[in-house]
Protein chains: 2
Amino acid sequence: MNDTQIKILEAAEAEFAEFGFVGASIRNITQRAGVNLASVNYHFGTKEQLIKHLLLFRITPLNQLRLNNLHKEQERHQGEAVPIPILVNLLVRPALEKMLTVEGGQFVRAMARCMSEPLGFIESLDRDVFHEIFTAYYLAFQKALPGLDEQAVAIQMNFVVCTMVGMMMHFPRMDNLRGKNLSKEKFDQILDQFIDFISSGVEGSSQCLIHS
Amino acid sequence: MNDTQIKILEAAEAEFAEFGFVGASIRNITQRAGVNLASVNYHFGTKEQLIKHLLLFRITPLNQLRLNNLHKEQERHQGEAVPIPILVNLLVRPALEKMLTVEGGQFVRAMARCMSEPLGFIESLDRDVFHEIFTAYYLAFQKALPGLDEQAVAIQMNFVVCTMVGMMMHFPRMDNLRGKNLSKEKFDQILDQFIDFISSGVEGSSQCLIHS
DNA sequence: GTTTGATTTAAACGATCGTTTTAAAAAGTC
DNA sequence: GACTTTTTAAAACGATCGTTTAAATCAAAC
């Protein structure tokens, strides 16, 4: 990985976080990075290939971690269902805990913003990158929510994903936190509470479905 | 309201829903509407004024409804706290129930997409339009969650908003629903479940805070 | 030191963007 | 019917966009 390439990726992440994919401009990115305009196309090809590279570069290890941790937890429970709060924590925390640092927050927001854009190649990338982890967690959720049919489990997982993505996008705008120099302790506390919020949501809204 | 203006607003809504504010193009909008390119600037001024007009035109009655229903419910409870599930329902349902129809879904997605863009005038519009309703519901949440300090209540409300906005953006992509010609009954059932999800999230994640 | 390949640079290309201008058409007023 | 106002129409403006090109610079190998 070239020095120029690294500078481009860092600048691109900030730019995509701020303006999304269509709003981002190659000229701004190269200017932020202090490199020549043509170097993006030289090193990465098109703008589309740049965001693909960036997203894959960041999301792949994230999902690998989520997958490994799930397997570990499943082994620990020896075939029994892993409880919902643990599943939610394993799924949500790796992404959200990055939001505390500046560069982590940029990555998270860039990911949430760009992945939400309804462009053809984004939607197919979305499915490609998240298919494996979605099905792995889907099976775990199914085991943890006996009595729910397949579609109900998928809907619950969509609730979880919606909530997580909503937070990834909305976090920088949370009124009562912005500009407060959020300490790590306070942030962790809010993150714990958020994961608790999601877990309680899944468990609470599943209950009436199980008893029917 | 002119016939041309209506056609522009309808086309603009579809365009903004699909591409967001920066991604939307005046040329596409006028082409969709079947009107001349210059008519957008003639009738609405700039692109920025167009989206402002559209958002205000749609959000104002929505928030008025949410506010009226809250006041009614507060009268019914005669000074006692309105329970969380009712508050969440009053806050969330008016927006989400529009997603079932095509034009409603376009409006909801346009709103979620454009409001999430980190542009200066959008963020100020955001605060202007939602300030009144946020504080009204904030006070109601505070009464329904005794024992939580001010910041904790605000955080809970941010969780709710995050979740709602996440759903507004993510709904058209929910795998197990797309292209299934979702019936009104099934949709209402999912919406009920979603509201239950949020309510359970608030109540569940508040509990450990209250007992401390 | 020369040559070869990789990288950087500056300039340009064609396309699209939001907006403005100027004139034609339509609608309304007396 | 003449006049004024409002609305539409076509064309152009200046700016920015992603991308390509061609020359200049650098690095490494021989």
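In this structure, B/Phe16 and B/Leu54 have side chains that are in contact, with non-hydrogen atoms separated by less than 4.5 Å. Contact check for B/Phe159 versus A/Thr163: no side-chain heavy atoms found under the 4.5 Å cut-off.
By the ring-ring contact (aromatic ring centres under 6.0 Å, His included) test, B/Phe187 pairs with B/Phe171, sequence neighbours left out.
With rounding to whole Å, A/Glu48 atom CD is found 16 Å from D/dC17 atom C1'. The distance between atom NZ of B/Lys47 and atom P of C/dG18, rounded to the nearest whole Å, is 4 Å. Separating the CE atom of A/Met1 from the C1' atom of C/dT7 is a distance of 16 Å, rounded to the nearest angstrom. What separates CD of B/Gln49 from C1' of C/dG18 is a distance of 13 Å, to the nearest Å. Taking atom CG of residue A/Asn41 and atom P of nucleotide D/dC17, one finds them 14 Å apart after rounding to whole Å. Atom-to-atom, CD1 of B/Ile8 to P of C/dT19 comes out at 13 Å; the value is rounded to the nearest Å. For A/Ile26 and C/dG14, the CD1 to C1' distance is 17 Å, given to the nearest whole Å. Atom P of nucleotide C/dG18 and atom NZ of B/Lys52 are separated by 17 Å, given to the nearest angstrom.
For the pair A/Thr46 and D/dG18, the criterion of a side-chain N or O lying under 4.0 Å from OP1 or OP2 is not met.
Between the side chain of A/Arg58 and the backbone N or O of A/His53 there is no donor-acceptor pair closer than 3.5 Å.
Salt-bridge formation is detected for the pair B/Glu73/B/Arg76: a Lys NZ or Arg NE/NH1/NH2 atom is positioned less than 4.0 Å from an Asp or Glu carboxylate oxygen. Using a 4.0 Å cut-off between a side-chain N of Lys or Arg and a carboxylate O of Asp or Glu, B/Arg32 and B/Glu18 qualify as a salt bridge.
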Strictly under 4.0 angstrom, non-hydrogen atoms only: write out the protein contact profile of nucleotides 22-29 of chain D, one letter per nucleotide from the 5' end, B, S or -.
--------
Annotated protein contacts, base or backbone, on nucleotides 7-13 of chain D with a non-hydrogen cut-off under 4.0 Å, one of B, S, - each
BBBB-B-
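B/Phe134 and B/Tyr138 have parallel rings, their planes meeting at less than 30° on a 0 to 90° scale where 60° marks the start of perpendicular.
In this structure, B/Lys47 is positioned above the aromatic face of B/Phe21, its NZ or CZ under 6.0 Å from the six-membered ring centre and within 45° of the axis.
Of the candidates B/Asp188, B/Asp192, B/Asn69, B/Arg93 forms a side-chain hydrogen bond (donor to acceptor under 3.5 Å, both in side chains) with just one, namely B/Asp192.
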